[in-house]
Amino acid sequence: MTLIDHLPVLAVIVPLLAAPLCVLIDRARPAWLIALAASWLSFGAAILLLLQVTQSGTISYHLGGWPPPWGIEYRIDLLSAYVLLIVTAIAAVVMVFAWHSVESEIPSERIARFYAALLLAFAGLAGITTTGDAFNVFVFLEISSLASYAIISMGRDRRALNAAFQYLMMGTIGATFILIGIGFLYMMTGTLNMQDLAALLPEVSDTRTVRAGFAFLTVGIGLKLALFPLHLWLPNAYAYAPSTVTAFLAATATKVAVYALLRVLLDVFGVEFSLQAMPLNLILMVLGLVGIVSASLVAVFQDDIKRMLAYSSVAQIGYMVLGIGLANTTGVTAAILHVFNHALMKGALFLALGAIAYRLGTATLRDFAGLGRRMPWTMAAIVIGGLSLIGVPPTAGFISKWYLVLGTLEQGLWPVTLLVLFGSLLALIYVWKLVEAAYFKPAPANAPAVAEAPLSMLIPVWLLVGANVYFGIHTDISVGVASQAATQLMGAGG
Amino acid sequence: MNELPGLYNDWVAIFLMMAGFYVVISQGNLVKKLVGLALFQTSVFILYISLGKVAGGHAPIYDPAIAIYSNPLPHVLILTAIVVGVATTAVGLALVVRIHEAYGSVEEDDIQAADEAESTASSSEASAEEDAKQ
Amino acid sequence: MSGTTLLSLILAVPLLAAIGVVLTRANPNLREGVSIGAGVILFALVATLTGNMDWHAPPTLVLAEPVPGLALALTPEPLGVLFALIASFLWPITTIYALGYMRAHHEQNQTRFYTAFAVSIGATMGIALAGNMFTLFVFYEILSVATYPLVTHAGTDKAKQAGRIYLGLLMSTSIGFMLFAMIWTWQLTGTLDFTHGGVFGEEVSEGVLSILLLLYVLGTGKAALMPFHRWLPAAMVAPTPVSALLHAVAVVKAGVFTVLKVSVYIFGTDTIARIAAADWLLVLAGFTILMASLIALRKDNLKARLAYSTISQLSYIVLGAMLGVAAGAIGGGMHIAMHAFGKITLFFCAGAIMVTAHKTKVSELNGIGRRMPWTMGAFAIGSISMIGAPPAAGFISKWYLLMGALDAQQLFAIAVIVISTVLNAAYFMPIVYAAFFKAPDDSDTHADHGEAVLPIRLALIATATLAVLVFFFPGAPLALVQQMVASP
């Protein structure tokens, strides 16, 4: 077999192997270089994978040469390749940004180990998207979660420790629920391979065990997803984690959880069972909507900007879940598309915040006064990212809103449409608080002199901002793949 | 199996799980919370291990004289899960140590009080600054 | 030059001007030169486009296609071209005016001002030439965002408050209603292209059409239909050139232009005539005309009075569109042009008075006409145009509106037009009278000023002259507007 045949596993293995290397070297700059190289290699592999999948269909890779359902299968279909691309792309961009930011926020003797943990978190997330084995999902989930707890706790504020501990508690409960759910499914079918499960489950879907397993899995993933009302860990974790970590996790971790939800609900259990036999579509829709409105409202009243954007993330997850709950192809397309677009906008926003934190030390609303003049490029990035978050054309955010609203109208649910649009207006309010402070409030007299962020930060930020605009205008890739993946998912179940 | 009492191993697992969950929720001490969390996880391990039991089955070591084996796969899986559980507890305890260093306490109430005092202090400082400007 | 090249240039010139303004920020003279030059070039381009236009096969410029079947595309049509002509013609004039005003007033952040101004004009061009509702919406939103820094220009708490009302109302109506209506239309028909006779087939029920029309018209916050008019008076905190070009011409006209486009090309005049919501909106427009005029009567602040006058005048256009007859649409289209010349003159005068005499209130204007004869003369012409009396531009459009109301046999509309004419006279004529015939107040401490500075005077004389000229030669705009209704 040539290297190309091993592509599916490459995106996962490279960061997984690079992590111990960082620990062994234990010096800051080489560790960063390794992390950088690893993430770009993964990114490259992900691009090749997506190309391969779009050309020749789903790839099945047998780990160690053991065929499924006995061996572990890595299965890359369109959805996997798409989410993997998002994860690796964000990782690659964030790593470029990381050097200065990490150097200023983390004690130098811990930097190498920080990169090791960051790579592990990355490897875990990449693993979840590629594997076709249910138990493997659990293992990768725990790899990424354990590494996340560690890197979140490295924030400068001591509150980061408590936030990480809370996350650990809730995350572990969620993961254990997932484990129970997988156990129940195994009990009824005797297999762990997801394709196999999908084939065997319909026969036994009427049993209490399968239903219980379904419930455990959904709640467990919901915890990881920060689905309202299981989101309590998220705002603190995002607010106090180091800037690099916040940007990385906000743009990838919850996205991968959405992927897991899609995979389990629509692929393993099938559309018919998840969204029709069980009343889950209604539950998801209601939770999504409540999440959108309540989290956006809370975001409006935050003074700490990282926290504000964290609540906004909870709201945005509501949009994705709502899309799934609509139970039509357009809705699922919107959900997948928003996974992509939200990764771009939140990535850009949190990175820009990181640049501000790098120069100012903090990022509260007060610090923003007069920043428009002092850090023009960073603030311009925040404005464009914010417009994308609101869903103003021609940004990527608009495209996902478009499909979501179309999905609600196809179902004839116009009150839902109104709530979705209302959510956009709330986003307008909290984004505009920033803009107003930055451009129309004079900097306080005692404000420290602030220079524009260094280029190594601006370039990643503007790469993502550019992507926000590019994918708002040219949607062949983002919408094309998302709608194909959605059709695959919806078609598979019925 | 469909009788309400069900198999006794399920009840053991459910009891342990709820006990662990209760500890996580009710205890304010972070170390005790972790103990509860470990109990919660262990209950699932027991559930899995009991899954593998086949009535009349022997240990899965190949021998021509034996016709029925217990299913070894759940045991293997749970080995992995135990490792994960140990790692979780380790990370959790490490965090508790750091929290103790930073706050001087491992009681949730104390930590919350300290955080609140800090945030009110910084916000009153902020409003004082605003006042000074006006 | 081919049509598509022209279209891309029309869009590019204001944006290039914005970049040019930023680059030349160190040299104010050069910076304003860039703005004026770009304005002249832009007008020349639009005029060339109009001159070479074949209305049966208009050129189409596709910028992008974000959703399959839904392109970001420019396709000129008569009404849009008229709107683009007016906006691009008034841009250089306003820049000349702004040059005098901003310097005399010692405004801060002038580079940001001229940049945002240029981007706003670019967005207006996009709105005017949009080939479908989606493109129009995109540029509509860009215009809202680009004008925001102009409204909050002063940076004071009052300006920021105004900015919040401004953006809040415009964005919430457009995202909450217009976007909703658009996606709904897309879901029903699969197209958002501007089509003669509308896009809806027989299968869409009248109830749905009514809701859609309400969503579209109320969603066009820029049309300042009550109860969504609050942003316009709020926006008056902006520097006067902004109020003059954007809040008397570009932005508000973008709003009523959208209403006209929607009623002519999305619904079609025949459909408008048969659905119930058009009647409700007609009543709402009539109510807005009268209410805004009554409020204007009571406003002592000159710019506020002009703002409410604008609200009232805008609803004439909505009224025309909702009549559901060709003459109504023609009257609405003409009023876009006619009101523009009159109102921009009035704002220029208000700004001139503010910078030169430091007066903002109507009650302080006694006898000012003797010291500022040019300014107040122009003001008188603007007022006549607003009232709709000959020999000024406003007469022409009011004439067509009345014809439309007669055609549609809408007694209500006729009554509204007549009553509002009286009200218009009641709130403008006293100003003119006081300026020329009342003795100046003794307590006036600022009586030592003369006429406004030259750039300001030039600009307002130019627009006042135009307001009269168009009365005598209404052929060009009229031909364009009639083309809109006539072509297949």
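Residue numbers start from 1 in every chain, and the chains themselves are labelled A, B, ... in the order their sequence lines are given, proteins ahead of strands. Not measured: the values here are computed from a predicted model.
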Between C:Gly168, C:Ser172, C:Gly163, the one whose heavy-atom pairs under 4.5 Å with chain A are most numerous: C:Ser172
Nearest heavy atoms of C:Ile142 and A:Pro394, plus distance in Å: CD1-CD, 4.4 Å
Region of A:Tyr403 in contact with chain C, defined by heavy-atom distances below 4.5 Å: side chain
Region of C:Leu188 that comes under 4.5 Å of a non-hydrogen atom in chain A: neither
A:Tyr439 side chain reached by C:Lys160 side chain, heavy atoms, under 4.5 Å: no
Validation row: A:Pro393, C:Phe137 side chains within 4.5 angstrom (heavy atoms): yes
Contacting moiety of A:Trp432, where chain C heavy atoms sit under 4.5 Å: side chain
Side chain, backbone, both or neither of C:Phe134 within contact of chain A (heavy atoms, under 4.5 Å): side chain
Atom pair CG/CZ of A:Leu428 and C:Arg164 - distance to nearest 0.5 Å: 12.0 Å
Test of ring centre spacing under 6.0 Å for A:Trp414 and C:Phe180: no
Which atoms of A:Ile473 approach chain C - backbone, side chain, both or neither, heavy atom under 4.5 Å: both
Side-chain touch A:Val392/C:Met171, heavy atoms, less than 4.5 angstrom: yes
Winner by heavy-atom pair count (cut-off under 4.5 Å) against chain A, out of C:Trp186, C:Phe177, C:Trp184: C:Trp186
Result of checking A:Val405, A:Thr417, A:Leu421 against C:Ile183 for side-chain contact (heavy atoms from CB on, under 4.5 Å): A:Val405
Contacting region of A:Leu406 [heavy-atom separation from chain C under 4.5 Å]: both
Chain C contact via A:Phe398 - side chain, backbone, both or neither, heavy atoms under 4.5 Å: side chain
Nearest-0.5 Å distance, OG1 of residue C:Thr152 to CD of residue A:Glu436: 7.5 Å
